[in-house]
Asker: 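Dropping a structure here in structure tokens format, bear with me for questions.
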Amino acid sequence: PGLSALRFTSPILREVVMDALTLEASRDMHAAAASALLGLLGGELASGDQAARIAAHLYQSGDSERAADYFARSGEERLRARQMEAAANDLARAVELCDVEKRDAFELARWFDALTQAVRLARKCPDAAALCERVLGRIDRAADVKTRVHARVCADVMMAALHEFDRALDHFGEAERIAEGDEPLAKKVLLAYAELAARQGDFNRALAMIERLERIVTGEGDRAEEHKVLLYRAQAHSALGDRRAALIAIERAEATLPDD
């Protein structure tokens, strides 16, 4: 036999029945719905919409930890589909529902990175400052230096996207302190700081960060990174009204990757 579905003849009748359920019966019903949806997938990965429906039922059933897993999966799928606001909402929900102290720090860092990518474009995330503190506290206690710096840079980018510039500067300062002495990590921090300064319209400060970056990437010999930094330099000079310096930076960028 094929799949079948049952529906209430009226949405009002549905609401009446739902309101009459006890809390325990409601939880059992949502748990059964989540189990049925998972059964239909037959072990396959859920799409964004499917994962969101499963997450909602698991949350209503009282299973917050599994709900967090599926909200995260939904958020990551929606991020890949470029549904930025929906992705940000689902990933923030995942972090909110899970017990961060029991979560693997590297899994949490992956969720946080995806959330930052979404918030950077959606420019929306309720209680972002508190969320950052929860995640960073766990990562600082359990992860390596590289992951800690990356998480701080994520927090910096997120706060800047939400125009919380003072908080962003705090995260930048902490990331710079953790990355001290490690040039590849320092490069990641300086890129974020240059972007923050540009968002604030402080192009002199952005240019100072770019000059520090340029010394690092030139020493490393990474021509692609050098090309990127030269383009940042051109943009900063242009914003400051120095057309000649901007054009020189573009010419240098062209010469760095002449065949690209």
Asker: Through direct or indirect side-chain contacts below 4.5 angstrom among Ile, Leu, Val, Met, Phe, Trp and Tyr, which residues connect to Met84?
Answerer: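 For the cluster that includes Met84, the remaining residues are Leu79, Leu121.
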Asker: Which residues satisfy the side chain to side chain contact (heavy atoms under 4.5 Å, CB included) test with Asp166, sequence neighbours excluded?
Answerer: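 Side chain to side chain contact (heavy atoms under 4.5 Å, CB included) list for Asp166, sorted by chain: empty.
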Asker: Of all the heavy-atom pairs spanning Ala114 and Glu76, show the shortest one and how long it is.
Answerer: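 Closest approach of Ala114 to Glu76, heavy atoms only: CB-CG, 4.3 Å.
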Asker: Determine which pairs satisfy ring-ring contact (aromatic ring centres under 6.0 Å, His included) with at least one residue from residues 135-174, sequence neighbours left out, and list them in order.
Answerer: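 Sorted result for residues 135-174: His163-Phe165, Phe172-Tyr193.
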Asker: Give, for atom CG of Asp156 and atom NZ of Lys188, the distance between the pair rounded to the nearest 0.5 Å.
Answerer: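 Asp156 atom CG to Lys188 atom NZ measures 12.0 Å (nearest 0.5 Å).
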Asker: Just to verify, what does Tyr232 make a side chain to side chain contact (heavy atoms under 4.5 Å, CB included) with, not counting sequence neighbours?
Answerer: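 Applying side chain to side chain contact (heavy atoms under 4.5 Å, CB included) to Tyr232 gives Leu191, Ile210, Lys228, Gln235.
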Asker: Test of understanding: clusters of I, L, V, M, F, W, Y form through side-chain heavy atoms closer than 4.5 Å, transitively. Do Leu213 and Leu230 belong to the same one?
Answerer: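 No, Leu213 and Leu230 fall in different hydrophobic clusters.
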Asker: Give a yes or no on whether Val153 and Val145 share a hydrophobic cluster (residues Ile, Leu, Val, Met, Phe, Trp, Tyr; joining criterion: side-chain heavy atoms under 4.5 Å apart).
Answerer: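 Yes; Val145 is reachable from Val153 via cluster members.
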Asker: Which residues pass the side-chain hydrogen bond (donor to acceptor under 3.5 Å, both in side chains) test with Gln117, sequence neighbours left out?
Answerer: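 Here the qualifying residues are Asp113.
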Asker: Going by side-chain hydrogen bond (donor to acceptor under 3.5 Å, both in side chains), name the residues that satisfy it together with Glu226, two or more places apart in sequence or in a different chain.
Answerer: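 Listed in chain order: nothing, the list is empty.
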Asker: Residues in side-chain hydrogen bond (donor to acceptor under 3.5 Å, both in side chains) with Arg123, at least two apart?
Answerer: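 Arg123 satisfies side-chain hydrogen bond (donor to acceptor under 3.5 Å, both in side chains) with no residue once adjacent residues are dropped.
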Asker: Under the side chain to side chain contact (heavy atoms under 4.5 Å, CB included) rule, collect the residues that match up with Asp170, sequence neighbours excluded.
Answerer: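 Asp170 satisfies side chain to side chain contact (heavy atoms under 4.5 Å, CB included) with no other residue.
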Asker: Look at Glu65 together with Arg103 and state whether they make a salt bridge at an N to O cut-off of under 4.0 Å.
Answerer: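 Yes, this pair counts.
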Asker: If you take all heavy atoms of Arg148 and Ala143, which pair is closest and at what distance?
Answerer: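 That closest heavy-atom pairing would be CD-O, 3.7 Å.
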Asker: Using side chain to side chain contact (heavy atoms under 4.5 Å, CB included) as the criterion, list what pairs up with Asp127, not counting sequence neighbours.
Answerer: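 Applying side chain to side chain contact (heavy atoms under 4.5 Å, CB included) to Asp127 gives none.
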Asker: Give the other cluster members for Leu91, using side-chain heavy-atom distances under 4.5 Å between Ile, Leu, Val, Met, Phe, Trp and Tyr residues; answer none if it is isolated.
Answerer: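 Once heavy-atom contacts under 4.5 Å are chained together, Leu91 belongs with Val95, Val100, Leu108, Trp111, Phe112, Leu115, Val119, Leu131, Val135, Leu136, Ile139, Met158, Met159, Leu162.
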Asker: Mind listing the side-chain donor-acceptor pairs of residues 250-259 below 3.5 Å, one per line with the distance, residues two or more places apart or on another chain?
Answerer:
| residue | atom | partner | partner atom | Å |
| --- | --- | --- | --- | --- |
| Arg252 | NH1 | Glu214 | OE2 | 3.2 |
| Arg252 | NH2 | Glu214 | OE2 | 2.6 |
| Thr256 | OG1 | Arg252 | O | 2.7 |

Asker: So how far is it from Leu240 CG to Asn204 CG, rounded to the nearest 0.5 Å?
Answerer: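 It is 5.0 Å, given to the nearest 0.5 Å.
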Asker: Among the clusters formed by ILVMFWY side chains lying less than 4.5 Å apart, do Leu231 and Ile248 turn up in the same one?
Answerer: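 No, separate clusters.
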Asker: Answer yes or no: is there an ion pair linking Glu180 with Arg177, defined by an N-O contact shorter than 4.0 Å?
Answerer: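 Judged by the 4.0 Å cut-off on N to carboxylate O distance, Glu180 and Arg177 do not form a salt bridge.
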Asker: Is any side-chain N of the basic residue among Arg141 and Glu101 closer than 4.0 Å to the acidic one's carboxylate O?
Answerer: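 Between Glu101 and Arg141 there is a salt bridge, with a charged N closer than 4.0 Å to a carboxylate O.
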Asker: Rounded at 0.5 Å granularity, tell me how far SG in Cys98 sits from CZ in Arg93.
Answerer: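 Cys98 SG to Arg93 CZ: 11.5 Å, rounded to 0.5 Å.
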Asker: Go through it in stages, so that I can follow the logic: the residues are Arg53 and His57, the test is side-chain hydrogen bond (donor to acceptor under 3.5 Å, both in side chains), and I'd like the CA-CA distance, side-chain angles, deciding distance and then a yes or no.
Answerer: CA-CA 6 Å; Arg53 288 179 65 195; His57 284 301; 5.2 Å; no
Asker: Any Lys/Arg nitrogen of Asp90 or Arg73 sitting under 4.0 Å from an Asp/Glu carboxylate oxygen of the other?
Answerer: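 Salt bridge between Asp90 and Arg73, a charged N being under 4.0 Å from a carboxylate O: no.
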Asker: What residues, two or more places apart in sequence or in another chain, satisfy side-chain hydrogen bond (donor to acceptor under 3.5 Å, both in side chains) together with Asp104?
Answerer: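 Checked Asp104 against side-chain hydrogen bond (donor to acceptor under 3.5 Å, both in side chains); zero matches.
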Asker: Minimum heavy-atom separation for Ala68 and Leu97, please, with both atom names.
Answerer: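 Residues Ala68 and Leu97, closest heavy atoms: CB-CB, 4.2 Å.
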Asker: Indicate yes or no: does Arg120 engage Glu195 in a salt bridge with an N to O separation below 4.0 Å.
Answerer: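 Glu195 and Arg120: salt-bridged.
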